[in-house]
Amino acid sequence: MPHQQSFEPEPGDRWRAIYACRSSLSRGRLVDEPSSPTRSQFQRDRDRIIHSTAFRRLKHKTQVFVSHEGDHYRTRLTHTIEVAQIARALARALGLDEDLAEALALAHDLGHTPFGHTGEDALDECMKDFGGFDHNAQTLRIVTRLEHRYAGFDGLNLSWETLEGLVKHNGPLLDGDGQPTARYADTGIPAAILEYQAQQDLWLDSHASAEAQAAALADDIAYNAHDLDDGLRAGLFELTDLRKLPFLAELLDEIDRLHPGLAKPRATNELVRRVITRFVEDVIGESQARIAALQPQDADAVRRAVAPVIAFSGAITTADSEIKAFLYPNMYRHPRIAEIRRRAADVVRDLFSRFLAEPGAMPAEWGEGCEALDPQRQARRISDYIAGMTDWYALDEHRRLFDATPSLR
């Protein structure tokens, strides 16, 4: 009889905790479909997102730097891949469904405009009389309406759990009294979300699943790490400047102690690695403590909790705030970046104004019948068209329609 070996669990072995989402218990899809014999519901969602047109466009959408700046800066696509990697790591460590966490990470930025947050701000300004523009609502619009790939439905017909996580990427949208939370207190809940909510209740007044919370924190971690990396690479600030932040100063001291005299590129990479590691390990430890205190018996107990269960500790929350407070003036509002942002915003405004005055200037699939729509729907269709553009395509459209197009170099 052969000898029976026993093996200790190894890193990467998959298990699901009692509070994890389970594909077999999914609340389903808006349009019923036969289940897949080879993939779970959440694996299917992930695959549909990866094969979507909107996902491919992320390759040429700006993160902070426009793509002309260089090949090594992050785009929306590379940012998304980094978020997905961190989300899976968190999900694996906490016993969550890795496929759902990954699907949410891969889809979370589908609704972003060209030119990063600059494009979003400009488009929101253009749409102020027509309900505004919100990239989370636009993501929902893309995956439920604007993707036209399948014979039986518009959108991607994703599972309830994925749609819920995308809509609640920043937490609950309504408070216990049914009023919009702080993010939407002034503007109200975006129309795209309310329209879908009328078809399928996404529990707007609760927290999202633990998987969605992990994906949201993965977004924050990736932002901090790669924006420090890109800012240092671009020469917007130096490693010595980061010593003003106690958290980063401690990491830099550790690097100097272990690797004295390290060249800047390697020192930068060592710093970025440590930022990600410290943040990820902190989330795991803090979340385990919160889960132990809450003792959730299913995924809905996480949703009903009074506070997120996947979270930073107080110390890392402070470090996160300090990094963001540093990056805002030293990167996002740096004079060199600010001038590019101004020109990019002009491109978006010019395109919106032109299409509003002349809807037929859009390609036939967008412009046909647009003039017959009421002003609200007409503006929303124009917004959908512009929001879907890559940086390159927006500039090409501007060159087609205007005599002079700003340089974004």
Side-chain angles (χ1 to χ4, degrees), residues 58-87 89-90 105 109 115-118 217-283 312 315-344 391 407-409:
L58 296 178
K59 177 183 178 183
H60 293 300
K61 289 197 176 191
T62 290
Q63 186 66 22
V64 175
F65 293 91
V66 294
S67 53
H68 306 90
E69 285 277 344
D71 292 338
H72 293 167
Y73 297 110
R74 269 70 174 189
T75 65
R76 283 283 165 201
L77 181 60
T78 58
H79 163 71
T80 294
I81 292 170
E82 292 179 22
V83 174
Q85 178 267 317
I86 295 171
L90 293 174
D109 268 356
F115 312 125
H117 287 286
T118 300
L217 285 187
D219 188 23
D220 277 344
I221 295 169
Y223 254 118
N224 286 339
H226 65 50
D227 284 359
L228 288 170
D229 190 7
D230 283 352
L232 287 164
R233 181 185 297 275
L236 300 182
F237 46 83
E238 297 298 332
L239 288 166
T240 53
D241 298 321
L242 300 182
R243 289 190 173 278
K244 301 171 186 175
L245 285 63
F247 173 76
L248 297 182
E250 181 181 334
L251 298 183
L252 289 169
D253 286 343
E254 178 182 296
I255 294 166
D256 288 345
R257 185 174 67 255
L258 295 174
H259 308 286
L262 200 60
K264 178 183 173 182
R266 291 180 188 268
T268 297
N269 189 55
E270 289 294 324
L271 176 65
V272 171
R273 290 177 56 229
R274 283 165 170 77
V275 169
I276 295 173
T277 299
R278 296 294 199 280
F279 272 70
V280 167
E281 290 176 349
D282 179 84
V283 171
F312 295 136
I316 291 296
T317 296
T318 298
D320 176 60
S321 298
E322 288 176 348
I323 291 171
K324 286 180 169 61
F326 174 86
L327 288 171
Y328 196 86
N330 291 287
M331 185 171 184
Y332 311 136
R333 291 295 182 265
H334 189 282
R336 178 174 137 201
I337 303 302
E339 178 57 24
I340 295 174
R341 286 170 59 102
R342 183 190 66 76
R343 297 174 195 169
D391 295 13
S407 170
L408 299 188
R409 294 184 182 273

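Here the structure is a predicted model, which means the values were calculated and not measured.
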Q: Check the pair Leu217 / Ile86 against side-chain contact (heavy atoms from CB on, under 4.5 Å), numbers first and verdict last.
A: CA-CA 9 Å; Leu217 285 187; Ile86 295 171; over 6 Å; no

Q: Identify, with sequence neighbours excluded, every residue that meets side-chain contact (heavy atoms from CB on, under 4.5 Å) alongside Asp253.
A: Arg243

Q: Quick one: pull up CE in Met331 and CZ in Phe237 and give me the separation to the nearest 0.5 Å.
A: 6.0 Å

Q: Do you know which two heavy atoms are closest between Phe115 and Leu408, and how far apart they sit?
A: CE2-CD1, 3.4 Å

Q: Counting N and O atoms only, with roles assigned by atom type, does the side chain of Asn224 sit under 3.5 Å from a partner on the main chain of Ile221, one being a donor and the other an acceptor?
A: no

Q: Considering all heavy atoms of both residues, which atom of Ala87 and which atom of Ala105 are nearest to each other, and what is their separation?
A: CB-CB, 4.0 Å

Q: Under the ring pair (Phe, Tyr, Trp, His ring centres under 6.0 Å) test, which residues partner His226, sequence neighbours left out?
A: His79, Tyr223

Q: Side chains of Leu327 and Tyr332: closer than 4.5 Å at any heavy-atom pair?
A: yes

Q: Would you please name every residue forming a ring pair (Phe, Tyr, Trp, His ring centres under 6.0 Å) with His117, sequence neighbours left out?
A: His112

Q: Would you check if Leu90 and Val280 make a side-chain contact, meaning some heavy-atom pair closer than 4.5 Å?
A: yes

Q: Answer whether the closest heavy-atom distance between the side chains of Asp320 and Phe279 falls below 4.5 Å.
A: yes

Q: Closest heavy-atom contact between Ala267 and Ile255?
A: O-CD1, 4.0 Å

Q: For the atom pair CG (Leu251) and CG (Asp256), what is the distance rounded to the nearest 0.5 Å?
A: 11.0 Å

Q: Counting only heavy atoms not in Lys59, do more than 12 fall under 6.0 Å of its NZ?
A: no

Q: Testing the basics here: between Ala222 and Val83, what is the closest heavy-atom pair and its distance to 0.1 Å?
A: CB-CG2, 3.7 Å

Q: Taking side-chain contact (heavy atoms from CB on, under 4.5 Å) as the definition, give me every residue that meets it alongside Ile81, ordered by chain and number, with sequence neighbours left out.
A: Leu77

Q: Could you tell me whether Arg278 and Glu254 make a salt bridge, using a distance below 4.0 angstrom between a side-chain N and a carboxylate O?
A: yes

Q: Considering all heavy atoms of both residues, which atom of Lys61 and which atom of Asp391 are nearest to each other, and what is their separation?
A: CA-OD1, 3.6 Å

Q: For Thr118, enumerate each residue passing the side-chain contact (heavy atoms from CB on, under 4.5 Å) test, keeping only those at least two apart in sequence or located in another chain.
A: Arg341, Ala344, Ala345

Q: Counting distance only, does the side-chain N/O of Lys264 pair as donor-acceptor with the main-chain N or O of Glu238 below 3.5 Å?
A: no

Q: Minimum heavy-atom separation for Thr75 to Thr78, with atom names?
A: N-OG1, 2.8 Å

Q: Are Leu236 and Asn330 packed together at the side-chain level, in the sense that at least one heavy-atom pair is separated by less than 4.5 angstrom?
A: no

Q: Sequence neighbours excluded, which residues qualify as side-chain contact (heavy atoms from CB on, under 4.5 Å) partners of Glu322?
A: Leu245, Pro246, Thr318

Q: Start with the C-alpha distance between Leu232 and Leu242, add both sets of side-chain angles, then the distance that settles side-chain contact (heavy atoms from CB on, under 4.5 Å), and finish with yes or no.
A: CA-CA 10 Å; Leu232 287 164; Leu242 300 182; 4.1 Å; yes

Q: Quick check for you: to the nearest 0.5 Å, what is the distance between Arg274 atom CZ and Leu252 atom CG?
A: 9.5 Å

Q: Does Lys324 have more than 12 heavy atoms from other residues, nucleotides or ligands lying within 6.0 Å of its NZ?
A: yes

Q: Do Thr268 and Leu228 have side chains that approach each other closer than 4.5 Å (heavy atoms only, starting at C-beta)?
A: no

Q: Looking at Glu339, I'd like to know if its CD atom is crowded, meaning that more than 12 non-hydrogen atoms belonging to other residues, nucleotides or ligands lie closer than 6.0 Å.
A: yes

